[in-house]
Amino acid sequence: MTTIPTFALGDGTSIPAIGFGTYPLRGREGTDATLSAIDAGYRLLDTAVNYRNEDAVGAAVRETDVPREELVIATKLPGRDHGFEETITSFRGSLDSLGLDTIDLYLIHWPNPSVGKYVDSWKAMVQLQKEGLVRTIGVSNFTTDFLTRLADETGVLPAVNQVELHPYFPQEELLAFHRQHGVQTEAWSPLGKAQAPFAEEPVAAAAAAHGVSPAQVVLRWHHERGVLPIPKSASPERQRTNLDIFDFALTEAEVQAITALGKPDGRLFDGDPNTHEEM
Ligand code: NAP
């Protein structure tokens, strides 16, 4: 089984350097896929209220022999629950759905700027962390402007920002901001989902040079950039190979050639957090 390195977080805790994405796995199938991911070695499990699978992930946490304290369970606040009290209530709902007493990583799923309540939600998350109910608080799909507003209004920057990030959308500027301010980047759709760049020359060439698969090259590219990818796979075999990225390294030139695949319109869908909102 692969041993996973960790990244140190700004709040003094640490987090596995790769996690398991669970959308759209649901029901018994979702629990079984999560159990096989845990068997493969994943310890960070990424769920959300809006994936409607907190119950399936929670069942896997109860069924596995791996102790609860070795698992890092991440879930996300949906847009319809923004606001201070709404966040506290939604958090309790997540604990119920997961069947857990605490959550290890709690994220605001989308900023939803037209709703205008993400700062109130953030204040509630700071309180939940102070009460010991959440270990690490963070956000998802936040731009540098939204992050700066949280810091200005609460004095607390998120420890984690989970964003769209893959070779066609490498997020150079956001990564630089995160590095400067000690925010850990998590990559969603880290493989590029249906538009994976596996046939692109820099990816294929690195795969051939290192004797690994294109998916492993892309996941290693994230690691070389200090990014935490959360690939989803329902296949136990792909779950295992996606984890097996810690005994080879890409050269600086290979990393740069893959980053150069980025395009200004490289998002998978029009998921610009300034305009795309999810409730
Ligand atoms: P992804 O992980 O980049 O891609 C998943 C797709 O790639 C699945 O179709 C999977 O199919 C396939 N795949 C996995 N490993 C593979 C391999 N080694 N070779 C070839 N194909 C492979 O994209 P994602 O599922 O969109 O993103 C991952 C996670 O990020 C989600 O599950 C979710 O937890 C999170 N997410 C968060 C947000 C947000 O707003 N915060 C948005 C989107 C996603 P199989 O299952 O058949 O292997």
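Remember, it's 1-based here, ligands and their atoms both numbered in the order they're listed.
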Contact (N/O only, under 3.5 Å) between P190 and ligand 1: yes
Mutual orientation of the aromatic rings belonging to Y118 and F146 [parallel < 30°, tilted 30-60°, perpendicular > 60°]: perpendicular
Any side-chain donor near an acceptor of the partner, E164 and S189, under 3.5 Å: no
N or O pair under 3.5 Å between T241 and ligand 1: no
Option whose closest heavy atom lies nearest to atom 33 (C) of ligand 1, chosen from F198, Y51, W110, F269: Y51
Output field: ring centroids H109/Y51 closer than 6.0 Å: yes
Side chain D81, main chain L77, donor-acceptor under 3.5 Å: no
Heavy-atom nearest option to atom 10 (C) of ligand 1, drawn from K76, R238, K232: K232
N/O separation below 3.5 Å, A215 to ligand 1: no
Option nearest atom 30 (O) of ligand 1 (shortest heavy-atom distance, choices T22, V163, N242, I230): I230
Side chain to side chain contact (heavy atoms under 4.5 Å, CB included) between R225 and T259, worked out: CA-CA 10 Å; R225 302 173 87 220; T259 306; 3.8 Å; yes
Polar proximity ligand 1 side, K193 side, N/O cut 3.5 Å exclusive: yes
